[in-house]
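See structure below.
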Amino acid sequence: MDKIISYIEKVKQFIKEFKDKYGTIGCAAVVLAIMKFIVFYILMSVKSNFILICIISWVITYYLFKSFRNKYIPSAIYLILAILMFADVTYCSYFNKYLSVAMLGSAGMLGDVTASIKQIMRPVNFFMLLDAVVILATVVSYHRKEGGQRFTSFFRRKERNADITETEGQEKPVRDILAELDAMALEESMDQIQEETSKEVLEKDGEEKGSVTDRTELDYEDELENNLYQGRVRRKRAERKRKREKLKRLKVHRNQAIPVVIIILLIVTSTFSPFMQSLAKQEFYTYHVGDVASGALGLSEQKNIMKFEDNYETEKNGPLFGVAKGKNLVVIQVESLQNFTIGMKYNGQEVTPFLNSLLKDKTVYFDHYYQQVGTGNTSDAEFATNNSIMGSIEAFTYQLYEKNYFRGLPWLLKDQGYETAVLHAHENRDFWNRDDIYPALGFDHYYGGLIGDTARPGGNFKMTEWMGWGLTDSEFYPQAMDYIKELQEPFYSFVITLSNHHPYEMLDKYKFIKLAPEEKGTLVGNYLNSVSYTDYALSKLFDEFKKAGLYDDTIFAIYGDHMGLPASDETNEVMGRLLGHPYDWDDRMNIPLIIHIPSADKSVTTTIHNTGGQTDFLPTISYLLGLDHLDTIYLGHNLFTYDKGIVAEHAYLPYGSFFINGYGFEMARDGVFKDGRAWNIKTRKDVDVNQFYDYYMKSRGISDTSVYILQNDILRKVYKDGKSREEVL
Ligand code: GP9
Ligand code: MN
């Protein structure tokens, strides 16, 4: 009890001294810093071990400031860290994870995201910067007050006081020095007594012996001895000062070591303890140090590589095999198209009237189809769709693996005599490194960029109408058609739309949906208008095909590249209202896949509920086109005949997450399986995660195998170096 009281007293004393030194502004800085970490972890959606994680961050921050005598240094470091925290919460609100060094490497591919950032930016994000600014102001004001005196005296004195009383448990050198200092202090005070006594004696002698001129030889000896003695005292004092300095240095080093030791301990133990892993993956300092270290040392988690299975050989057996054999293939990857818009009636208005009408006519609609992107977002949707391999989560695949050998759909169709082309009207034709990657992916032509763009010459589209990120879809399609018409039949045209891009800022004339006051000015309201315009523009593309006389000889596949409405308080609220249930991950990541086959019999019209994702596109479309074999390495399944699909996710949802028939699984961000969340997609109720462990491992296997194929350039080994597919996987 006494100990507690004395401890409380010490804390009170500390606070009082702190307040005396740094004033109210300093106290405000401390309160803000404590609160900042709580808000940060709420914004980062930290779910497990919340309090412990806050404590670790507070301790590390405390030692960061204690580790430097000149407080400008930690204040500057802390400001940089505050900017990183600001970036983390902003990034997390869209991508649902911490920023990584690898991601920063892809920052060049952000394009003009000013509007998007404005949209996802919450005022609370700025709270991440506030304490750092107040801390800096405290340091500056202290320096002014003290007239430039070093900012360390407070901590120095605290340390000195503590040195005398708190020697228990300190490392040996500090304790030894303290012992020496104590001994010296004792010796010094004894010397002082002696000094004073001898002075008194001398004075007394002087008085007794008369004036200096009367001094005897003995007097001089005494004086000499006294001088020698005083020299010894001075030396001792100097030595004592040196020792004190050394002690301070040692204590500073110890303070610097404490956070380093905490972080290293967390990182090292996280490799074998799920509990420590949970802390290490969620705590701000530890996460970022771990991220930088694993990048620098090339460390990664244990990989789970799957054996190659040529599933297509059996899965191609179905009634629609070859139903579109020899037809032109037009694949339209629609920017940000989510499945909930299909068939939706908003206040009595159809959002996608054209696509809805298409579904009724010689069309197969996959309503449980999901995005499967990596860091490359749109470009990974393209990649997974054409190659049946997931894009990397490390950095964007189109650049990271631009020198790889690929053998996806364009190459397979070229083998069948197809001419291949890709078309996209972003102002920068080389966005996502498209100029370099498309030839490697097997596209004979790339029509992209703007005519007359001197910064990126070689553009193909006239900028007749600008909206959002580039040429409007309705202007893009007729111009694209001019190029498509020139292709040799059969052709494969891969068309990438752009108008429906976050944050869905529209030209007024294309706002077809009358929004109710509740949705007006919301991202969801803008999105509904944007999707509606996208649908309208698509009808124009189909008209173009009819006009060109190519419609009946073509099979069309339309799908969304990735979610358009990431989670936010506003979006969750509006979407929850529109959907009639909480807006969940399956709603966000569910994209439509619509395959329209004009030449087929009406009976093909159907909706297929099998769960699938973008990596399933290649075998699925190959089945309709009647490819006998898939002479490549692929990870997907034919969704017409395979109904046990698992869709692996590793972006937006953490690595190991998945969708299967009826269920979604969100892996925990702390990397501990049992901290994950599984839910029933129909009932919307959470269910026990333990039944999904095998699926979780399979999802990891699909991600790992994708990365393995890319990292080891496996397709080159098979198709250039002559190894068998079974040999390499
Ligand atoms: C730009 C377009 C958009 O050309 O592909 O990419 P995104 O921002 O959606 O990944
Ligand atoms: Mn996109």
Side-chain angles (χ1 to χ4, degrees), residues 90-91 93-96 103 105-120 331-339 341 370-386 390-393 395-400 422-438 441 443 446-450 453 455-456 458-461 463 466-473 475-476 480 494-505 523 526-527 530-531 534 537 558-566 588-592 613-614 651-652:
T90 307
Y91 181 75
S93 61
Y94 197 98
F95 291 103
N96 186 33
M103 183 53 222
S106 310
M109 281 302 115
L110 287 179
D112 182 12
V113 288
T114 342
S116 291
I117 287 184
K118 256 196 248 153
Q119 213 290 321
I120 59 170
V331 175
I332 307 158
Q333 176 172 298
V334 183
E335 179 63 42
S336 303
L337 182 63
Q338 289 186 211
N339 189 54
T341 57
Y370 295 89
Q371 70 176 67
Q372 278 182 297
V373 303
T375 302
N377 236 13
T378 298
S379 61
D380 283 338
E382 300 172 18
F383 182 75
T385 299
N386 279 294
M390 290 172 80
S392 165
I393 192 64
F396 71 99
T397 299
Y398 273 12
Q399 186 150 70
L400 198 55
V422 53
L423 305 102
H424 180 54
H426 186 268
E427 58 170 330
N428 175 2
R429 59 175 282 122
D430 200 26
F431 199 83
W432 290 126
N433 198 27
R434 284 178 167 120
D435 254 336
D436 285 342
I437 200 71
Y438 285 147
L441 293 182
F443 287 108
Y446 169 34
Y447 302 105
L450 301 181
D453 184 344
R456 306 113 181 163
N460 298 100
F461 297 97
M463 178 41 76
W466 181 281
M467 188 165 77
W469 275 37
L471 184 62
T472 52
D473 287 357
E475 290 288 309
F476 162 59
F494 186 59
V495 178
I496 305 157
T497 83
L498 188 59
S499 290
N500 192 41
H501 199 286
H502 190 278
Y504 318 109
E505 284 173 357
L523 186 74
N526 296 349
Y527 179 74
S530 179
V531 170
T534 299
I558 302 168
Y559 66 92
D561 64 348
H562 51 71
M563 78 173 81
L565 293 170
R588 284 178 212 122
M589 298 177 97
N590 183 196
I591 49 172
Q614 286 160 334
Y652 296 95

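A quick note: this is a predicted structure, and the numbers were derived from the prediction, not measured. In each ligand, atom 1 is the first atom listed, and ligand 1 is the first ligand listed.
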Out of Glu427, His426, Arg434, Glu335, the nearest non-hydrogen contact to atom 5 (O) of ligand 1 is supplied by Arg434

ang(NE2 His562, the Mn ion (ligand 2), OG1 Thr378) rounded to 10° is 110°

Heavy-atom nearest pair, Phe476 first then Ala425, reads CD1-CB, 3.5 Å

Trp432 neighbourhood, listing ligand 1 atoms whose heavy-atom distance to it stays under 4.0 Å
5 (O), 6 (O), 10 (O)

Per-atom contacts, ligand 1 versus His562 - under 4.0 Å to a heavy atom:
9 (O)

Distance-only donor-acceptor check, side chains Glu382 and Tyr398, under 3.5 Å:
yes

Is it true that a side-chain atom of Asn590 and a backbone atom of Tyr370 form a donor plus acceptor pair closer than 3.5 Å?
no

Under 4.0 Å from any heavy atom of Asn377, which atoms of ligand 1 are there?
10 (O)

Does His424 come within less than 4.0 Å of ligand 1, judged by its heavy atoms?
yes

Evaluate the ring planes of Tyr527 and Tyr504, with Trp represented by its six-membered ring, and classify them as parallel (under 30°), tilted (30 to 60°) or perpendicular (over 60°).
perpendicular

Strictly distance-based, threshold 3.5 Å: is any side-chain N or O of Gln333 a donor or acceptor partner for the main-chain N or O of Ile496?
no

Proximal ligand 1 atoms for Thr378, defined as those under 4.0 Å from one of its heavy atoms:
3 (C), 5 (O), 6 (O), 7 (P), 9 (O), 10 (O)

Can the ring centroids of Phe431 and His424 be said to lie less than 6.0 angstrom from one another?
no

Between Tyr446 and Asp436, a side-chain donor and acceptor under 3.5 Å:
no

Can you tell me the N, O or S atom of Asp561 that's nearest the Mn ion (ligand 2)?
OD2

Closer than 4.0 Å to some heavy atom of Phe431 - which atoms of ligand 1 meet that?
1 (C), 4 (O)

